[in-house]
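Here the structure is laid out as structure tokens; the discussion comes afterwards.
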Amino acid sequence: MAEIIVKGGFVIDPTRKIDGDVGDIAIKDGKIVDKVSSSAKVIDAKGKVVMAGGVDIHAHVAGPKVNVGRLFRPEDKLLSGFCRSTMAQKNGYRMESGFSIPSTFKTGYDYARMGYGFVMEAAMPPIHSPHVHEEIHDTPIIDEAALPVFGNNWFVMDYLKKGEVENTASYIAWLLKATKGYGVKVVNPGGTAAWGWGLNCVSLDDPVPYFEVTPREIIKGLLEANEYLGLPHSMHMHQNDLGNPGNYKGTIESLKISEGVKPKNKFGREQVMHSTHLQFHSYGGTGWGDFESKAKEVMDYVNKNKALTVDTGNVTFDETTTMTADGPFEHHLQGLNHLKWCNVDVEMETAAGVVPYVYDPNIKVCDIQWAIGLELALYAKDMNRIFITTDHPNAGPFTRYPRVMKWLMSKKSREAVIDSFKHKDKVIAATTLHQIDRELTLFEIAQMTRSGPAKSLGLGNIYGGLAPGMSADVSVFNLNYKNMPSDPDMIEKAFQRAACFIKSGEVVVMDGEVVSNGHKKTVWVNVNMPENPQVMRDITQSFTKDYTVQLENYPVKDYLAPHPFVINVDVEA
Ligand SMILES: [Zn+2]
Ligand SMILES: [Zn+2]
């Protein structure tokens, strides 16, 4: 079948410690192989950089809150997107619309143009999982998975109040199967449930009303349940008290809950907790007046604790849309900027809010947030444990990843931004970015965007590298490893439009343009374990008593996820 050889590029593959060696990548039947026949199609990568396909560990790209954003922000589409020609549409390519919340088609095409092959939808409300899968199905080219949210789920809070980790684990296994979900996501544990009554849990020891369980107990219990099951990914956490000055102490305190929990899985994952969009959780000061960066303090802790992986959540200075399962935070944000606000509370499970936000470089707070996101990466010691994200679209759209890479790779480009600030001196005083000379290498960028996130997700032998046997996701960029451009903008440009991107063995992008819709997959986790009679009784009872849908109509039907890639996990009794 189809054979391709990517010839003569500077190969960068952290999974095999290859840093810029000139070599060929051979592809056959969707996989990377040792060699191919002489009839293989040749892609000339001479003078260019060759990496594995990008892996995005955290983005909001599909489902109800993303679609609320698309619906209630028609203005987001007015100045962006384009209608493809009639000819292109005849060939099966679709219209692309939206800037901060792109349509499903634009989402797939834009990731592919940047050489990304796998994207994790970061927050799936379980009862709305059919919606998530319908949008994933519509998104071309990229492989996707979705994380159902557990941190405010009534079953979970009931079990963990009683310290029942095994029952929690059985419930997680059942829910992953029902939703075709990938792992355990936690958003503002306890706080979003409290928001059902207009309240919040700000500290780790604030009990949830009526449930009398604390965020600390929820985090600890879910960490243990995750390892009891041996899931490919760790518990994936958005912490309490997001976005408030002084929150860094609570951040470190909740990261510490991971101490003493051991990773147990057969997928090569070494962490027990992934802490997402850490930028929003690294704030010092007591109010917006004395607001300052605590990135150094937070990273000092992360550097020491191997049980953690993190992602940055970099601010990109755009007009964007915030959307999160942190209901009380979104209400608080609307109180600050008075822009439109949407809230949805989801029965028994979670809630969400959506508010537009403008990260304006003339505002000191936004500038400090921008600096914090970059400081986190520049203070990191192990680049396989920290990943580039923008919590798309919360801190900015994912299409800005190339810009973030430029900032991390070039002090000159960072200084140009700092020089443009209206409150330059105040920003310099409240952050340390100006004093940091470090510039990340292409190898480190590949760790942060490829090998690291793939390993953290437990997908390290499929994605994120170029070893024989792995999925043939190969990106080629117009960058000369031996002669990097002196103009940092050329780095951004090169990462924005891949010279070539091969997804699962098929050329899908050439010279920055989409040339094929590819054949995407949806990845989920299926836990095989003996049925737990108590948990099944609890679920049946609750669907009779509390849910507005019937139990048999709850699970995602197979036809909604027609391109499955199922990862099986076996748990013994
Ligand atoms: Zn979040
Ligand atoms: Zn998020």
Are there over 12 heavy-atom neighbours, none belonging to Lys31, within less than 6.0 Å of that residue's NZ?
no

Leu378 and Arg414: CA distance, side-chain angles, deciding distance, side chain to side chain contact (heavy atoms under 4.5 Å, CB included) verdict:
CA-CA 12 Å; Leu378 296 169; Arg414 302 195 291 265; 3.7 Å; yes

Please identify each residue that fulfils side-chain contact (heavy atoms from CB on, under 4.5 Å) with Ser103, with sequence neighbours left out.
Ser97, Phe105, Lys106

Side-chain (Asp143) to main-chain (Lys521) donor-acceptor, under 3.5 angstrom:
yes

Inspect the surroundings of NZ in Lys557 and state if more than 12 heavy atoms from other residues, nucleotides or ligands are less than 6.0 Å away.
yes

Run the salt-bridge test on Asp300 and Lys296 with the 4.0 Å N-O cut-off and return the result as yes or no.
yes

Close side-chain approach of Gln279 to Asn314, heavy-atom, < 4.5 Å
no

Checking side chain to side chain contact (heavy atoms under 4.5 Å, CB included) for the pair Val535/Tyr159: CA distance, chi angles, key distance, verdict?
CA-CA 10 Å; Val535 170; Tyr159 290 138; 3.6 Å; yes

Quick one: does Val523's side chain get under 4.5 Å of Tyr182's, heavy atoms only?
yes

Please determine, by modelled atom types, if Tyr116 and Asp473 share a side-chain donor-acceptor pair under 3.5 angstrom.
no

Can you list everything that forms a side-chain contact (heavy atoms from CB on, under 4.5 Å) with Ile5? Sequence neighbours excluded, please.
Lys7, Asp24, Val36, Ala40, Val42

Partners meeting ring-ring contact (aromatic ring centres under 6.0 Å, His included) with Phe155 (sequence neighbours left out):
Tyr171

Would you find more than 12 non-hydrogen atoms of other residues, nucleotides or ligands less than 6.0 Å from Lys493 atom NZ?
no

Set of residues satisfying side-chain contact (heavy atoms from CB on, under 4.5 Å) with respect to Asn305, sequence neighbours excluded:
Ser258, Glu259, Tyr301, Ala307, Leu308

Salt bridge check, Glu297 against Lys294: does any charged N sit closer than 4.0 Å to a carboxylate O?
yes

Does Glu253 pair with Arg216 as a salt bridge, N-O distance under 4.0 Å?
yes

Decide yes or no for Leu242 and Thr324: does some side-chain heavy atom of the first lie under 4.5 Å from some side-chain heavy atom of the second?
no

Residues in ring-ring contact (aromatic ring centres under 6.0 Å, His included) contact with His137, at least two apart in sequence or another chain:
His563

Within a 6.0 Å radius of atom NZ on Lys406, are there more than 12 heavy atoms belonging to other residues, nucleotides or ligands?
yes

Quick check for you: to the nearest 0.5 Å, what is the distance between Asp570 atom CG and Asn528 atom CG?
5.0 Å

What I want to find out is whether Arg403 reaches Glu492 closely enough, with some N-O distance under 4.0 Å, to be called a salt bridge.
yes

Keeping Thr320 on the side-chain end and Pro393 on the backbone end, is there a donor-acceptor pair under 3.5 Å?
yes

Let me check something: any side-chain donor-acceptor pairs from residues 46-60 under 3.5 Å, sequence neighbours excluded? List them with distances.
| residue | atom | partner | partner atom | Å |
| --- | --- | --- | --- | --- |
| Asp56 | OD1 | His58 | N | 3.1 |
| Asp56 | OD1 | Tyr401 | OH | 3.3 |
| Asp56 | OD2 | Tyr111 | OH | 2.6 |
| Asp56 | OD2 | Tyr401 | OH | 2.6 |
| His58 | ND1 | His236 | NE2 | 2.9 |
| His58 | ND1 | Thr276 | OG1 | 2.8 |
| His58 | NE2 | His60 | NE2 | 3.4 |
| His58 | NE2 | Asp391 | OD1 | 2.8 |
| His60 | ND1 | Lys65 | NZ | 3.0 |
| His60 | NE2 | Asp391 | OD1 | 3.1 |

Under 3.5 Å, side chain of Thr389 to main-chain N/O of Gly313, donor-acceptor pair present?
yes

Any donor and acceptor pair, going by atom type alone, linking the side chain of Tyr228 with main-chain N or O of Val571 inside 3.5 Å?
no

Measure the CG-NE2 distance between Asp558 and His133 for me, rounded to the nearest 0.5 Å.
10.5 Å

Are Val310 and Phe387 close enough, and set up right, to give a side chain to side chain contact (heavy atoms under 4.5 Å, CB included), and what steps lead you there?
CA-CA 6 Å; Val310 303; Phe387 319 130; over 6 Å; no

What I want to check is whether the side chains of Glu439 and Ser410 have a donor and an acceptor closer together than 3.5 Å.
no

Is it the case that the side chain of Glu227 and the backbone of Lys264 share a donor-acceptor pair, with hydrogens and angles ignored and the cut-off at 3.5 Å?
yes

Would you call Leu204 and Ser254 a side-chain contact if the rule is heavy atoms closer than 4.5 Å?
yes

Does Gln239 reach the side chain of Ser275, with side-chain heavy atoms less than 4.5 Å apart?
yes

State which residues pass ring-ring contact (aromatic ring centres under 6.0 Å, His included) with Trp370; sequence neighbours excluded, sorted by chain then number.
Phe317, Trp407, Phe421

Quick check: are there more than 12 heavy atoms from other residues, nucleotides or ligands sitting under 6.0 Å from NZ of Lys266?
yes

I'd like to check Ile386 versus Thr309 (side-chain heavy atoms, cut-off strictly below 4.5 Å). Are they in contact?
no

For residues 442-452, pull every pair meeting salt bridge (Lys or Arg N to Asp or Glu O under 4.0 Å), keeping only residues two or more places apart or in separate chains.
Arg438-Glu444

What pairs with Lys520 under salt bridge (charged side-chain N to carboxylate O under 4.0 Å, His left out), at least two apart in sequence or on another chain?
Glu144

Take a 6.0 Å sphere around NZ of Lys381 and say whether it holds more than 12 heavy atoms from other residues, nucleotides or ligands.
no

What verdict does the salt bridge (Lys or Arg N to Asp or Glu O under 4.0 Å) test give for Glu270 and Arg385, after you've listed the backbone C-alpha separation in whole Å, the side-chain angles of each residue and the deciding distance to 0.1 Å?
CA-CA 10 Å; Glu270 291 179 59; Arg385 293 202 286 118; over 6 Å; no

Can you name the closest pair of heavy atoms from Met409 and Thr441 and give their distance?
CE-C, 4.2 Å

Would the distance check show the side chain of Asn240 and the main-chain N or O of Pro189 forming a donor-acceptor pair, the cut-off being under 3.5 Å?
yes

Sequence neighbours left out, what passes side-chain contact (heavy atoms from CB on, under 4.5 Å) with Ser234? Give chain and number order.
Arg269, Gln271, His274

Does a side-chain heavy-atom distance below 4.5 Å link Ile101 with Met323?
yes

Can you tell me how far the CG atom of Leu222 sits from the CD1 atom of Ile172, to the nearest 0.5 Å?
5.5 Å

With sequence neighbours left out, write down each residue that passes ring-ring contact (aromatic ring centres under 6.0 Å, His included) with His281, or none if nothing qualifies.
His238, His277

Pro232 backbone acceptor or donor facing Asn265 side chain under 3.5 Å
no

Ring pair (Phe, Tyr, Trp, His ring centres under 6.0 Å): which pairs involve residues 453-476, sequence neighbours left out?
Phe118-Tyr463

I'd like to know if the side chain of Glu349 reaches the main chain of Pro125, judged simply by a donor and an acceptor atom lying under 3.5 Å from each other, with no hydrogens or angles considered.
no

Main-chain N/O of Gly452 paired with Asn384 side-chain donor or acceptor, under 3.5 Å
yes

If we count only N and O atoms by modelled type, under 3.5 Å, do the side chains of Asn532 and Asn167 hold a donor and an acceptor together?
yes

Pairwise side-chain contact, Glu121 with Val132, heavy-atom cut-off 4.5 Å (strictly under)
yes

